Every structure is written in structure tokens, then in C-alpha cells.
Amino acid sequence: MPSLGRLHLITDTREGRDPLAVVRAALTVAHADLVVQVRVEDSATDREAYDLTRRVLALCASYQATCLVNDRLHVALAVGAAGGHVGADDLPVAAARRVLGPTGVLGATARAPGPAREAVAAGASYLGVGPCHTTSTKTGLPDPIGPAGVRAVVDAVDVPVIAIGGVTAARVPALRAAGAYGVAVVGAVSAAADPARATAELIEALTC
Ligand SMILES: Cc1ncc(COP(=O)(O)OP(=O)(O)O)c(N)n1
Ligand SMILES: Cc1ncsc1CCOP(=O)(O)O
Ligand SMILES: [Mg+2]
């Protein structure tokens, strides 16, 4: 498997957002360092998810960037994306691994060392760990775990840990110091006045 990018941009498909414009802007800066995870609203149809993912994948292909699909692994397979990401309400990690096959990139959400170890044993190739900080992008989340919570998971597994939840460029150094391999963001790029600049700041923070 090629090495995983350190900056994961998760699409924001809420009303009034323009996910393709944001992905395009981020790719012009981050190129192959970017992983784009296509995440649609639960209310979106599979056809909508499929159409968006095809377009994101085409953009990613121009920059040799990686495209993953959140939750809907059949969409990932249908478009030929590199893999997908699952959490507690999605397919179990072992089932997701069977769907994607041995070479697909499979992310799994984990917030604590025990579940993190289980996810890796079941076939996760990286872990999304958080929420690290408070976020308004997703509701119903448990309390933030902070850099110390990230460190606890990092110490328990031997796969890349991607910190998620309220991540900004200013918060990257503490997360990296805690052992995070990379970060996943929605708002830090999608809600920025200048998504390309916001991407550059995140990349810079990740490479320091
Ligand atoms: C990199 C990364 N980490 C965590 C998540 C969250 O996934 P999940 O817990 O399944 O929640 P939803 O995103 O599906 O609402 C993620 N998507 N990516
Ligand atoms: C999908 C998800 N899972 C945990 S936090 C989160 C959203 C992160 O969004 P933001 O980067 O805007 O805080
Ligand atoms: Mg999910």
C-alpha cells in the first residue's frame, strides 16, 4: 500500500457548501499529500454519493491524491476509490475489510486504546481518533479526548493515527507531539475564507 497522506480533507456537503470547489482548491496546494474522504449527509441517496465520489476521484487522480469514501463502501468499490472509513454505526471493521479486500485502505474510528487495538486486529489500516477538540461539524459526539487521548491510542497501535475533531493548523503541533501521524479536517478548510491558504497552513504545520 502506498504511504498514507497526512492531511485528510473530509467533504462538507451540508446545504450551501461547495465541496468540489473546496477539494479543487486543496488539491492545488497539497497534491499527493492530500487524502480526500467523501462524506455525504445520511439523507443523501447512494446515487448522489456515487456522483460526487466519481467527480472527487477524477480530481484526485490528476494529483495522485487518495480518495476514500466514508461509510458507503459499495460506493468506494463502484467508483474505484482507494478505500473507505467506518465507525461504530457502520459495518464492523472485519466485515469492511472483507468488502474492500486485502489491499484497500480501511480507516476505522477509535477513541480509546482497547477499541483501537481491536480495530487494527480486525484489519484497519489507519485509525481516525477523536474528537480531539470540540467541533460543531458533527453533533452527538462524546467529550473531546485532547492530545493526551490521542497519545494513549498512538501508544497502543502500530498503524497511522489520524486526529480528528476541531483540528486547526494551530492545534496540529500538539497533536503531532502526541504521536498523531496526520489530521482530518472539515471546517478548517471548508469553512475557511480561502481554502487553498488554509490547506497550505495545515500542510506547513504537518511538515514542521
Ligand atoms: C479520519 C476519520 N476519523 C473519524 C471519522 C468519523 O467516522 P464515524 O465515527 O463513522 O462518523 P461519520 O463520519 O460516519 O459520521 C471519519 N469520518 N474520518
Ligand atoms: C466526522 C467527525 N467525527 C469526529 S469529529 C468529526 C467532524 C470533524 O469536523 P471539524 O474538522 O470541522 O471539527
Ligand atoms: Mg461512519
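Note: hydrogens, waters and symmetry copies are ignored here, and every other heavy atom, side chains too, is used. Source: prediction; values computed, not measured. Atoms within a ligand are numbered from 1 in the order they appear, just like the ligands themselves. For reference, positions follow the sequence shown, starting with 1.
Ligand 1 lies out of reach of His8, whose nearest heavy atom is not under 4.0 Å from it.
Scanning both residues, Tyr181 and Arg6, for their nearest heavy atoms gives O-NH1, 2.9 Å. Taking each heavy atom of Val153 and Pro113 in turn, the nearest pair found is CG2-N, 4.1 Å.
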Evaluate Lys138 against Val186 for side chain to side chain contact (heavy atoms under 4.5 Å, CB included), listing each step before the verdict. CA-CA 10 Å; Lys138 178 172 170 160; Val186 180; over 6 Å; no

After noting the C-alpha distance and the side-chain angles of Asp33 and Leu206, does the key distance pass the side chain to side chain contact (heavy atoms under 4.5 Å, CB included) rule? CA-CA 10 Å; Asp33 289 339; Leu206 283 164; over 6 Å; no

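Using a 4.0 Å cut-off between charged side-chain N and carboxylate O, Arg151 and Asp155 make a salt bridge.
When hydrogens are left out, the protein atom nearest atom 5 (C) of ligand 1 is His85 NE2, 3.3 Å; that is the closest non-hydrogen contact. Looking from atom 12 (O) of ligand 2 to the surrounding protein, the closest heavy atom is Thr137 OG1, 2.4 Å. If you check which protein heavy atom lies closest to atom 13 (O) of ligand 2, you get Thr135 OG1, 2.6 Å. Protein heavy atom at the shortest distance from atom 4 (C) of ligand 2 is Leu141 CD1, 3.9 Å. In terms of protein heavy-atom proximity, atom 10 (O) of ligand 1 is nearest to Asp90 OD2, 2.9 Å. Nearest to atom 13 (O) of ligand 1 among the protein's heavy atoms is Arg39 NE, 2.8 Å. The single protein non-hydrogen atom nearest to atom 11 (O) of ligand 1 is Lys138 NZ, 2.8 Å, given as residue, atom name and distance. Among protein heavy atoms, atom 17 (N) of ligand 1 sits closest to Gln37 OE1, 2.9 Å.
Of all the heavy atoms of Asp89, none lies under 4.0 Å from any atom of ligand 1, so neither backbone nor side chain is involved. Neither the backbone nor the side chain of Val129 comes within 4.0 Å of ligand 1, counting heavy atoms alone.
Using a cut-off of 2.8 Å, one finds that Asp89 contributes no N/O/S atom close to the Mg ion (ligand 3).
Considering backbone and side-chain N/O atoms, Thr109 comes within less than 3.5 Å of an N/O atom of ligand 1. In terms of polar-atom proximity, defined here as any N/O pair under 3.5 Å, Val186 does make such a contact with ligand 2. When only interatomic distances are considered, the shortest N/O to N/O separation between Ile164 and ligand 2 does not fall below 3.5 Å. Looking at ligand 2, you'll find an N or O of Gly166 within less than 3.5 Å of one of its N or O atoms. Below 3.5 Å of separation, one finds no N or O of Ala184 facing any N or O of ligand 1. Remark: ligand 1 and Asn70 share an N or O pair separated by less than 3.5 Å (distance only, no angle test). When only interatomic distances are considered, the shortest N/O to N/O separation between Tyr126 and ligand 1 does not fall below 3.5 Å. For the pair Lys138 and ligand 2, the shortest N or O to N or O distance does not fall below 3.5 Å.
Close contacts of ligand 2 with Arg39, meaning ligand atoms under 4.0 Å from a residue heavy atom, involve 1 (C). Taking every non-hydrogen atom of Gly165 and a distance limit under 4.0 Å, the qualifying atoms of ligand 2 come out as 5 (S), 13 (O). Close contacts between ligand 2 and Gly187 involve ligand atoms 10 (P), 11 (O), 12 (O) [criterion: under 4.0 Å to a heavy atom]. Within ligand 2, counting atoms from 1 as listed, the ones closer than 4.0 Å to a heavy atom of Val185 are 11 (O). Atoms of ligand 1 lying under 4.0 Å from at least one heavy atom of Asp71, given by number and element, are 10 (O), 14 (O). Near Ile10, the atoms of ligand 1 lying under 4.0 angstrom from a non-hydrogen atom of the residue are 18 (N).
More than 12 heavy atoms of other residues, nucleotides or ligands sit less than 6.0 Å from atom CD of Glu41.
A donor-acceptor pair under 3.5 Å is absent between the side-chain atoms of Arg97 and the main chain of Ala122, judged by distance alone.
Distances from the Mg ion (ligand 3) to the N/O/S atoms of Asp90 are shortest for OD2. Looking only at N/O/S atoms, Asp71 comes nearest to the Mg ion (ligand 3) through OD1.
Using a 4.5 Å heavy-atom cutoff, the side chains of Asp71 and Arg39 are not in contact. At a threshold of 4.5 Å between non-hydrogen side-chain atoms, the residues Arg17 and Val22 do not count as touching. Side-chain atoms of Glu48 and Val40, non-hydrogen and from C-beta on, never get closer than 4.5 Å to each other.
Here CG of Leu27 is found 8.5 Å from OG1 of Thr199. Values are rounded to the nearest 0.5 Å. With rounding to the nearest 0.5 Å, the separation of CD1 in Ile164 from NE2 in His8 is 10.0 Å. The CG atom of Leu106 lies 11.5 Å from the OG1 atom of Thr103; values are rounded to the nearest 0.5 Å.
Residue Thr53 forms a side chain to side chain contact (heavy atoms under 4.5 Å, CB included) with just one option from Val36, Val75, Thr11, and that option is Val75.
In the hydrophobic clustering of ILVMFWY residues, with side-chain heavy atoms under 4.5 Å counting as a link, Val189 and Leu52 come out together.
Between Tyr63 and His31, the ring planes lie perpendicular to each other; the angle is over 60°, past the 30° to 60° tilted range.
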